[in-house]
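Counting from 1, the numbers follow the sequence of the chain as shown.
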Amino acid sequence: MLQLAPLDPAHLGLVLAGSLLPDIDHPKSWIGQRSRPLSTMIAAVLGHRGATHSAFAVLALVSLLLHAGYRQEYVFALAIGYLSHLGADMLTPRGLRLAWPLRGTWGVPVCRTGSGAESFIVGVLVCALSWWLATHGVGRSLTLPWIWRR
């Protein structure tokens, strides 16, 4: 029988926060509206779906937080949310510049933002991620590479 591990509310909160964080470069997004004038400045300098929607941003954020002394399991939870946002954005026709500042984009144009297909796909992914977190926990079965450890 499958026994689900209890989910730590802090992990879930960090996953949610991480899923919102890439859109800090869009002043009309939920996080962008709450972080003005920072989001306006980021949008003016870097544009939307630029640096904050790249592999560089994920690596920089994780490295910075780990070297600042934050617990690995919390940083990992934030990274899961961040990566889920990037994965969802890669499903749109616009794709992402994962290797920012290089110009090339990567994506699998399956749905448009705001469409019914997007809602369905995101729902399935949220259920799958929730199941994985419940059965594996955050930070217990996976560890970050030695390069990010303090």
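The salt bridge (Lys or Arg N to Asp or Glu O under 4.0 Å) analysis of residues 9-21, with sequence neighbours excluded, yields no pairs. A salt bridge (Lys or Arg N to Asp or Glu O under 4.0 Å) check over residues 57-70, counting only residues at least two apart or in different chains, returns nothing. Within the structure, every pair that satisfies the side-chain hydrogen bond (donor to acceptor under 3.5 Å, both in side chains) test and touches residues 90-111, not counting sequence neighbours, is listed here: R49-T92. Within the structure, side-chain hydrogen bond (donor to acceptor under 3.5 Å, both in side chains) contacts touching residues 28-43 (residues at least two apart or in different chains) do not occur. A salt bridge (Lys or Arg N to Asp or Glu O under 4.0 Å) check over residues 54-65, counting only residues at least two apart or in different chains, returns nothing.
Distance check, rounded to the nearest 0.5 Å: NE2 of H11 to CD1 of I80 gives 9.0 Å. Of the inter-residue distances, the one linking L102 atom CG with S54 atom OG reads 10.0 Å to the nearest 0.5 angstrom. L38 contributes atom CG, which lies 4.5 Å from atom CD1 of I24 (distance to the nearest 0.5 angstrom). The structure places CG of L65 at 10.5 Å from NE2 of H67, a figure rounded to the nearest 0.5 Å.
Remark: R71 engages E73 in a side chain to side chain donor-acceptor pair (under 3.5 Å) (not counting sequence neighbours). For A17, the side chain to side chain contact (heavy atoms under 4.5 Å, CB included) partners at least two apart in sequence or on another chain are L78. Listed by chain and number, the residues in a side chain to side chain donor-acceptor pair (under 3.5 Å) with H48 are D25 (sequence neighbours excluded). Looking at residues two or more places apart in sequence or on another chain, you find no side chain to side chain donor-acceptor pair (under 3.5 Å) involving S19. Among residues two or more places apart in sequence or in another chain, the side chain to side chain contact (heavy atoms under 4.5 Å, CB included) test is passed with L21 by I31, L61, Y82. Under the rule for a side chain to side chain contact (heavy atoms under 4.5 Å, CB included), L64 has no partner lying at least two apart in sequence or in another chain. Listed by chain and residue number, P109, R112 satisfy the side chain to side chain contact (heavy atoms under 4.5 Å, CB included) test with P93 (two or more places apart in sequence, or in another chain).
Heavy-atom minimum distance, D23 versus H85: OD2-CE1, 3.0 Å.
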